[in-house]
Amino acid sequence: MADEPSPTPESWEQIVARFARFSGVVGEVDDPLTWGLDLVEEEVTGVSDSTDPTEERFLRSYRTFSGETVEVETLRVPATPAQIEDIVRAACSGALVAPLHADVDPAAPPEIADVTDLAESYQDYRSAMRAIVAEVDDVPCETRQFRVDGTAKRCMRVTVRNVTAVYSPAADRAVVVTGPTDLVDRIDVITRPIRNLLHGEEGPRF
């Protein structure tokens with residue numbers, strides 16, 4: 001079978017346009033070191049879609065010293081009420097399936113090696129994905145409070161296997177926060193003008 005062609009890389013103009021659409025504020029964890037978090041990724045994900053503006057998001061991904069992941073995604077515009085539950089469930093499912101992609105050392109300590117348990121419970125990736133989505137769909141979403149910029153906001157959340165996903169209004173946008181429940185419940189999420197945190201003054205390489 002012939003190799004599939006590589007995707008055409010984005011031009012500089014396309015990259016500039018993607019970030020121009022996110023001019024304004026985006027979410028981040030305030031003082032991440034307080035929670036033992038290290039920023040490991042920041043980028044614009046998804047594609048520009050005029051029919052679903054929530055498709056394109058600004059992502060900041062953090063990792064704890066023990067390898068757990070906390071993600072803060074900023075949606076360009078708030079979701080409609082009909083979209084919110086699907087967004088929350090998809091975020092939770094995505095966080096739960098992440099260990100299926102992990103390259104875990106079999107000799108790693110038990111608390112790290114445990115992330116392979118889910119993958120080993122099923123014969124293939126698709127079976128695992130279907131099981132995760134079904135499990136998340138069976139859990140009711142909750143309406144709770146979540147603090148953004150120091151103010152409690154009415155939010156929607158779902159928790160499965162101690163992983164929580166939260167959708168919350170933020171400024172004139174919205175954020176989706178996912179990660180271990182104990183961290184999601186404690187971290188301070190703030191919005192600030194978009195800027196490069198990961199590379200500092202090295203350049204706008206989001």
Side-chain angles (χ1 to χ4, degrees), residues 10 15 18-19 21-48 54-76 79 86-105 108 111-112 114-116 118-119 129 132 136 146-149 155 157-168 170-171 173-206:
E10 286 185 298
I15 295 172
R18 281 164 65 84
F19 284 94
R21 287 192 291 273
F22 268 95
S23 62
V25 298
V26 294
E28 63 184 78
V29 175
D30 189 27
D31 195 12
L33 290 179
T34 297
W35 315 106
L37 295 172
D38 185 29
L39 178 64
V40 295
E41 183 180 8
E42 55 183 4
E43 64 173 335
V44 174
T45 64
V47 296
S48 176
T54 66
E55 176 73 15
E56 194 172 35
R57 309 177 186 197
F58 186 88
L59 166 71
R60 282 199 169 108
S61 182
Y62 303 82
R63 189 166 298 138
T64 69
F65 300 129
S66 61
E68 296 175 305
T69 298
V70 174
E71 292 188 343
V72 179
E73 294 180 289
T74 304
L75 281 58
R76 282 196 292 116
D86 286 344
I87 289 172
V88 170
R89 293 191 185 280
C92 188
S93 295
L96 287 167
V97 80
L100 299 179
H101 303 283
D103 183 12
V104 180
D105 181 356
E111 63 270 17
I112 301 224
D114 282 349
V115 300
T116 62
L118 183 63
M129 280 293 298
I132 289 169
V136 173
F146 186 77
R147 292 179 65 83
V148 178
D149 292 328
C155 73
R157 60 184 277 162
V158 66
T159 299
V160 178
R161 299 189 186 205
N162 293 319
V163 170
T164 292
V166 175
Y167 171 97
S168 175
R173 292 177 162 168
V175 293
V176 179
V177 182
T178 56
T181 302
D182 61 336
L183 278 173
V184 171
D185 285 343
R186 290 184 295 155
I187 58 174
D188 299 312
V189 173
I190 57 174
T191 58
R192 288 178 176 164
I194 187 171
R195 67 202 193 286
N196 193 323
L197 297 179
L198 189 58
H199 297 288
E201 296 181 357
E202 296 178 19
R205 299 182 302 156
F206 288 94

Visitor: Would you please test Thr34 and Arg186 for side-chain contact (heavy atoms from CB on, under 4.5 Å) and show each step?
Guide: CA-CA 10 Å; Thr34 297; Arg186 290 184 295 155; over 6 Å; no
Visitor: Of the non-hydrogen atoms in Val72 and Gly27, which two are nearest, and what is the gap between them?
Guide: CG1-C, 3.8 Å
Visitor: Mind checking the CG-CG spacing from Leu33 to Asp38? Nearest 0.5 Å is all I need.
Guide: 7.5 Å
Visitor: Taking the side chain as C-beta and beyond, is there a heavy-atom pair between Leu75 and Val176 under 4.5 Å?
Guide: yes
Visitor: Going by side chain to side chain donor-acceptor pair (under 3.5 Å), name the residues that satisfy it together with Asp182, two or more places apart in sequence or in a different chain.
Guide: none
Visitor: Check for a donor-acceptor pair, side chain of Glu68 on one end and backbone N or O of Pro180 on the other, with a separation under 3.5 Å.
Guide: no
Visitor: With no hydrogens and no angle check, is any side-chain donor or acceptor of Glu42 less than 3.5 Å from a backbone partner on Leu198?
Guide: yes
Visitor: Say whether, by atom type as modelled, one donor and one acceptor occur between the side chain of Asp149 and the main chain of Thr191 under 3.5 angstrom.
Guide: yes
Visitor: Between atom CE of Met129 and atom OG of Ser93, what is the distance when rounded to the nearest 0.5 Å?
Guide: 7.0 Å
Visitor: Show the nearest heavy-atom pair for residues Val25 and Pro193, with the distance to one decimal.
Guide: CG1-N, 3.9 Å
Visitor: Report the distance from atom CZ of Arg63 to atom CD of Glu71, rounding to the nearest 0.5 Å.
Guide: 9.5 Å
Visitor: Below 4.5 Å, heavy atoms only, C-beta onward: do Trp35 and Asp188 meet side chain to side chain?
Guide: yes
Visitor: List the atom of Val26, the atom of Ile194, and the distance in Å for their closest heavy-atom pair.
Guide: CG2-CA, 4.0 Å
Visitor: Do side-chain atoms of Ser61 reach the backbone of Val40 as a donor and acceptor pair under 3.5 angstrom?
Guide: no
Visitor: Looking at Val136 and Arg89, what are the two nearest heavy atoms and their distance?
Guide: O-NH1, 2.5 Å
Visitor: I'd like to know if the side chain of Tyr62 reaches the main chain of Val29, judged simply by a donor and an acceptor atom lying under 3.5 Å from each other, with no hydrogens or angles considered.
Guide: yes
Visitor: Looking at side-chain heavy atoms only, is the closest gap between Val166 and Val189 below 4.5 Å?
Guide: no
Visitor: Between Arg173 and Arg76, is there a donor-acceptor pair closer than 3.5 Å when you use the side chain of the first and the backbone of the second?
Guide: yes
Visitor: Return yes if some donor-acceptor pair links the side-chain N/O of Arg192 with the main-chain N/O of Glu28 below 3.5 Å, else return no.
Guide: no
Visitor: Between Ile87 and Glu73, is any pair of side-chain heavy atoms under 4.5 Å apart?
Guide: no
Visitor: Is the side chain of Thr181 donor-acceptor paired with the backbone N or O of Asn162 at a distance under 3.5 Å, no angle test?
Guide: yes
Visitor: Are side-chain heavy atoms of Leu37 and Ile187 found at a separation under 4.5 Å?
Guide: yes
